[in-house]
Amino acid sequence: MKFTILGFSQPAAYDFGLDINDLAILRWYIDFKESGYMNKKVIDGKKFYLVIYEYVLEDLPILYMKKDTVYRRFKKMCDKKILEKRTINDCGRFPYFAIGENYAKLVDFTFIDEFIANLNKDDNAS
């Protein structure tokens, strides 16, 4: 098994029911957030970043998705607590997202060390 997909733990993504399209959207969010160009607001002491679903579609045309599909993918990640969402009403309704409590599981690669240690145990037992 390949351990990582787009920089995320494949076993954790599988456990959360995420597919490659979810991971591509999440990678887009993380990369854009880290670029410093994303509009942000601090809400309850936590940084939330504005997501315009049409921009996701412009940046990731290979996904062949509609705006509503992108919305549902973000909602799925919020339901799994990978992301958190706040809607801001300021001359319109705008979705802002932050990293959720379960995101850490997608970037926890300690299982690889355990896998290698078990391989070494098996090799030494032979």
Side-chain angles (χ1 to χ4, degrees):
M1 174 195 324
K2 182 166 175 37
F3 292 125
T4 62
I5 303 288
L6 299 174
F8 301 111
S9 163
Q10 182 173 203
Y14 181 83
D15 290 345
F16 283 120
L18 303 179
D19 64 20
I20 191 74
N21 291 334
D22 296 320
L23 295 180
I25 290 169
L26 184 59
R27 173 58 37 209
W28 174 89
Y29 171 79
I30 296 298
D31 290 349
F32 193 16
K33 176 180 84 66
E34 295 300 321
S35 74
Y37 293 108
M38 208 168 193
N39 204 348
K40 70 180 174 225
K41 289 191 180 288
V42 176
I43 303 167
D44 299 326
K46 191 170 189 175
K47 290 180 187 175
F48 284 78
Y49 297 84
L50 175 64
V51 170
I52 305 294
Y53 302 123
E54 291 89 352
Y55 292 173
V56 178
L57 297 172
E58 287 177 20
D59 284 349
L60 299 173
I62 196 165
L63 296 180
Y64 299 101
M65 289 182 180
K66 295 183 181 193
K67 178 182 169 183
D68 185 62
T69 305
V70 174
Y71 159 80
R72 284 186 275 118
R73 297 290 179 138
F74 272 94
K75 183 179 182 325
K76 175 182 178 182
M77 287 186 269
C78 289
D79 291 345
K80 306 281 183 183
K81 298 184 179 181
I82 294 163
L83 295 175
E84 289 181 43
K85 179 182 178 187
R86 299 289 186 276
T87 301
I88 303 299
N89 294 311
D90 184 16
C91 298
R93 293 175 50 94
F94 298 97
Y96 282 76
F97 293 88
I99 299 299
E101 65 186 67
N102 284 333
Y103 176 78
K105 294 176 183 174
L106 286 171
V107 293
D108 178 2
F109 303 109
T110 56
F111 70 93
I112 296 173
D113 294 333
E114 294 168 17
F115 178 82
I116 292 169
N118 286 335
L119 279 180
N120 289 336
K121 284 180 191 175
D122 291 344
D123 286 346
N124 291 336
S126 301

Trainee: Could you tell me the separation between the CE atom of M77 and the NZ atom of K85, rounded to the nearest 0.5 Å?
Mentor: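 Nearest 0.5 Å value for the CE-NZ distance: 12.0 Å.
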Trainee: Spell out, as yes or no, whether a donor-acceptor pair under 3.5 Å connects the side chain of Y53 to the backbone of F74.
Mentor: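 Pair absent, no side-chain N/O of Y53 close to backbone of F74.
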Trainee: Does a side-chain heavy-atom distance below 4.5 Å link I25 with M65?
Mentor: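 In short, these two side chains touch, coming nearer than 4.5 Å.
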Trainee: For a quick test of reading the model, state the closest non-hydrogen atom pair linking F16 to K80 and the distance between them.
Mentor: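 The answer is O-CE, 3.0 Å.
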Trainee: State whether the number of non-hydrogen atoms from other residues, nucleotides or ligands found under 6.0 Å of F109 atom CZ is greater than 12.
Mentor: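 Counting other residues, nucleotides and ligands, CZ of F109 exceeds 12 neighbours.
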Trainee: Does the side chain of L83 come within less than 4.5 Å of L26's, by heavy atoms?
Mentor: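 Yes, close enough: below the 4.5 Å cut-off.
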Trainee: Under the salt bridge (Lys or Arg N to Asp or Glu O under 4.0 Å) test, which residues partner K47, sequence neighbours left out?
Mentor: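 K47 satisfies salt bridge (Lys or Arg N to Asp or Glu O under 4.0 Å) with no residue once adjacent residues are dropped.
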Trainee: Please check if L23 and Y64 belong to a single hydrophobic cluster, counting links between Ile, Leu, Val, Met, Phe, Trp and Tyr side chain heavy atoms closer than 4.5 Å.
Mentor: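 No, L23 and Y64 fall in different hydrophobic clusters.
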Trainee: If I take atom CD from residue Q10 and atom CG from residue D15, how far apart are they, to the nearest 0.5 angstrom?
Mentor: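 Going from the CD atom of Q10 to the CG atom of D15 covers 10.5 Å.
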Trainee: Can you hop from V42 to M38 via hydrophobic side chains spaced under 4.5 Å?
Mentor: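 As far as the 4.5 Å side-chain criterion goes, M38 and V42 are not connected within one cluster.
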Trainee: What's the shortest heavy-atom distance between V107 and F8, and which atoms?
Mentor: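 For V107 versus F8, the nearest heavy atoms are CG1-CD2, 4.1 Å.
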Trainee: Can you check side-chain contact (heavy atoms from CB on, under 4.5 Å) on L18 and I82, steps first, answer last?
Mentor: CA-CA 10 Å; L18 303 179; I82 294 163; 3.5 Å; yes
Trainee: One pair to check against side-chain contact (heavy atoms from CB on, under 4.5 Å): I99 and Y29. What are the steps and the verdict?
Mentor: CA-CA 10 Å; I99 299 299; Y29 171 79; 4.0 Å; yes
Trainee: Spell out, as yes or no, whether a donor-acceptor pair under 3.5 Å connects the side chain of K41 to the backbone of L50.
Mentor: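 Not a single qualifying donor-acceptor pair exists.
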Trainee: Among residues at least two apart in sequence or on other chains, which ones pass salt bridge (Lys or Arg N to Asp or Glu O under 4.0 Å) with E54?
Mentor: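 Expected list: K67.
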Trainee: Output yes when a side-chain donor or acceptor of K76 lies under 3.5 Å from a complementary backbone atom of G17, and no otherwise.
Mentor: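 Indeed, once roles are kept as given, a pair shorter than 3.5 Å links the two residues.
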Trainee: Decide side-chain contact (heavy atoms from CB on, under 4.5 Å) for F97 and K33; before the verdict, give the C-alpha distance in whole Å, the side-chain angles of both, and the deciding distance to 0.1 Å.
Mentor: CA-CA 10 Å; F97 293 88; K33 176 180 84 66; over 6 Å; no
Trainee: For F32 and Y49, what are the C-alpha separation, side-chain angles and deciding distance, and is it a ring-ring contact (aromatic ring centres under 6.0 Å, His included)?
Mentor: CA-CA 9 Å; F32 193 16; Y49 297 84; 9.1 Å; no
Trainee: Can you find a pair of side-chain heavy atoms, one from I43 and one from I88, that are under 4.5 Å apart?
Mentor: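 Yes - at least one pair of side-chain heavy atoms lies under 4.5 Å apart.
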Trainee: Could you pull out all residues at least two apart from D31 that satisfy side-chain hydrogen bond (donor to acceptor under 3.5 Å, both in side chains)?
Mentor: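 Only R27 meet the side-chain hydrogen bond (donor to acceptor under 3.5 Å, both in side chains) criterion with D31.
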Trainee: Got more than 12 heavy atoms from elsewhere within 6.0 Å of NZ, K105?
Mentor: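 No, not enclosed.
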Trainee: So do N39 and Y96 actually touch side chain to side chain, heavy atoms under 4.5 Å?
Mentor: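 Yes, side chains in contact.
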Trainee: Measuring only between side-chain heavy atoms, which start at C-beta, is R73 closer than 4.5 Å to L63?
Mentor: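 The answer is no, as the side chains (C-beta and beyond) never meet within the 4.5 Å cut-off.
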Trainee: Under 3.5 Å, is there a donor-acceptor pair between the side chain of D44 and the main chain of K46?
Mentor: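 No: the side chain of D44 does not pair with the backbone of K46.
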Trainee: Are side-chain heavy atoms of L6 and W28 found at a separation under 4.5 Å?
Mentor: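 A side-chain contact is absent here, since even the closest heavy-atom pair is not under 4.5 Å.
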